[in-house]
Amino acid sequence: MERLRQDDPSQVGPYAVLGRFDADSAERAVPERRYLGRTADGERTVLVCVPRVGADPSRWAIEAEGARRLSVPRFLGIAEVGGTAGFPWYAAPYTPVLSLPAVLAAYGGPLPEDTVRRLGAALAEALAAAHAQGVTHAGLSPAAVLVTPGGPLLTCVGAVRAAAPDGVRRAGLPGLDPGCLAVEQASGGRPGPLGDVFALGAVLAYASTGHTVPEQSELPPGLRRLVGTCLSSDPALRPQSAREVLRALVSPAAGEGPGGEAHRPAGGAYPPAGTVLDHAAVPLPGRVVAALAAQSAALLAAELPAPQQPFASPQKVH
């Protein structure tokens, strides 16, 4: 939990703001401002989010309401959306959680390949479920991945659409990680599932190397080919579904040949997901678990801001 700055709100809806969720160093690539808040009676603690300064609040609010209506496994469950036309917000119940950049900071660098595979498999499974419902995430980035003791959650749904409408160039817009924007989205194209596949490749690259646009040599050999194809500028050369990425992650022998070269079994079908790697759980390194515990402890110890006393004019003394 980060200290509030002078330009941060002290109150969002019914929630007193206790601290900022994201570190200053990560803020440029976060498509919304995220805070930890609590009700005045202390009964509810939430992750509460508002638009970035300079963003279009109406587009942001539309995406927030759309995300609230979703029921997709591993998508952050939004409990309420509120605010005004100029200052909308949404809130989700708090659980100990770190953004993926904070996870790498706590760990001290890129994550082990096994952890990356499990994390990526859980994200790919979530995207596959969303795509099966006709939903495109359109906002996947390291900042959009929230890691909890029970596995990752996806947030920032629709961030690409909220940043600019279709037909408007999105490259270089604040809050969007350029390494996670497929070429067709950066140029203003309508977000689609293959754009999510591109962004998933960028997230895998980030978890493995610390940045979303790595050199091939930086990637673990077992992930090199998969990440490289996900990040292809040509959508036709990417894996054609999140399910295909999932199968390659949980069955590395099926997804990679010698030296990291692509290999598909005869007939082009991968074994059923889970054949090699059980991705139901994502064991976290001890330093990450300690960071989650420290966040929870700091939040429990945080005191609500003292209510402001109404101004009273001085009484005249006779």
Side-chain angles (χ1 to χ4, degrees), residues 2 4-22 24 26-41 43-72 75-94 99 130 133-141 143-144 146 153-177 181 185-186 188-191 195 304-305 307-308 310-311:
E2 306 290 327
L4 294 174
R5 302 182 309 209
Q6 288 188 344
D7 59 342
D8 289 320
S10 60
Q11 187 84 17
V12 176
Y15 303 106
V17 176
L18 304 176
R20 295 168 57 241
F21 180 73
D22 294 292
D24 287 341
E27 191 178 60
R28 290 182 61 185
V30 183
E32 54 199 11
R33 290 182 291 163
R34 304 189 288 201
Y35 303 96
L36 297 170
R38 184 174 292 151
T39 52
D41 59 11
E43 292 296 318
R44 287 189 295 150
T45 302
V46 296
L47 174 67
V48 60
C49 305
V50 301
R52 287 178 62 96
V53 174
D56 185 324
S58 61
R59 282 204 305 269
W60 188 91
I62 289 170
E63 295 298 337
E65 177 58 26
R68 185 188 68 82
R69 296 170 181 268
L70 294 177
S71 179
V72 179
F75 274 41
L76 179 70
I78 296 176
E80 52 187 322
V81 174
T84 63
F87 189 71
W89 55 266
Y90 73 78
Y94 170 76
S99 68
Q133 296 183 26
V135 173
T136 300
H137 184 283
L140 181 57
S141 70
L146 303 185
L153 298 172
L154 282 173
T155 184
C156 302
V157 177
V160 170
R161 291 186 295 263
D166 295 345
V168 175
R169 184 174 174 81
R170 300 183 177 103
L173 291 180
L176 297 182
D177 187 328
L181 274 180
Q185 293 184 356
R190 184 181 180 85
L304 289 169
Q308 295 183 352
F311 176 79

Value for CZ (Arg170) from CG (Leu181), rounded to nearest 0.5 Å, stands at 8.0 Å
Polar side-chain atom of Arg20 near backbone of Glu2 as donor-acceptor pair, under 3.5 Å: no
To the nearest 0.5 Å, atom CG of Leu140 lies from atom OG1 of Thr155 at 11.0 Å
Please check this pair: side chain of Gln133 against backbone of Ser71, looking for a donor-acceptor N/O pair closer than 3.5 Å.
yes
Under a 4.5 Å cut-off applied to non-hydrogen side-chain atoms, are Val160 and Thr136 in contact? no
Heavy-atom closest pair (Arg52 atom, Val30 atom, distance to 0.1 Å) is NH1-O, 2.9 Å
Does the side chain of Leu18 reach to within under 4.5 Å of the side chain of Leu304, using non-hydrogen atoms? yes
Nearest heavy-atom contact between Ile78 and Arg68 is O-CG, 3.6 Å
| task | Report yes if some heavy atom in the side chain of Arg38 is under 4.5 Å from a heavy atom in the side chain of Tyr94; otherwise report no. | result | no
What one should report as the nearest heavy-atom pair of Leu173 and Ala164 is CD1-CB, 3.7 Å
Taken in chain and number order and not counting sequence neighbours, the residues that satisfy ring pair (Phe, Tyr, Trp, His ring centres under 6.0 Å) with Tyr90 are Trp60
On a heavy-atom basis, the closest approach of Val157 and Arg161 is CG1-NH2, 4.5 Å
Closest non-hydrogen contact found for Pro88 with Ala61 is CB-CB, 3.8 Å
Compare all side-chain heavy atoms of Leu4 with those of Ser10 and state whether any distance is below 4.5 angstrom.
no
Checklist line | Verdict with supporting geometry, Glu63 and Arg59, salt bridge (charged side-chain N to carboxylate O under 4.0 Å, His left out) | finding: CA-CA 6 Å; Glu63 295 298 337; Arg59 282 204 305 269; over 6 Å; no
What one should report as the nearest heavy-atom pair of Ala29 and Asp177 is CB-CB, 4.3 Å
**Asked** side-chain contact (heavy atoms from CB on, under 4.5 Å) between Leu47 and Leu36: does it pass, once the steps are laid out?
**Response** CA-CA 5 Å; Leu47 174 67; Leu36 297 170; 4.2 Å; yes
Legend entry - Check: Pro9 and Trp89 side chains under 4.5 Å, non-hydrogen atoms: no
So CZ of Arg33 and CZ of Arg5: to nearest 0.5 Å the spacing works out to 8.5 Å
dist Leu76:CG -> Cys49:SG (nearest 0.5 Å) comes out at 7.5 Å
Exercise. Is the shortest heavy-atom distance from the side chain of Cys156 to the side chain of Glu32 under 4.5 Å?
Worked result: yes
With heavy-atom distances below 4.5 Å as the criterion, would you say the side chains of Val17 and Asp8 are in contact? no
For residues Val48 and Phe21, determine if any side-chain heavy atom of one lies less than 4.5 Å from a side-chain heavy atom of the other. no
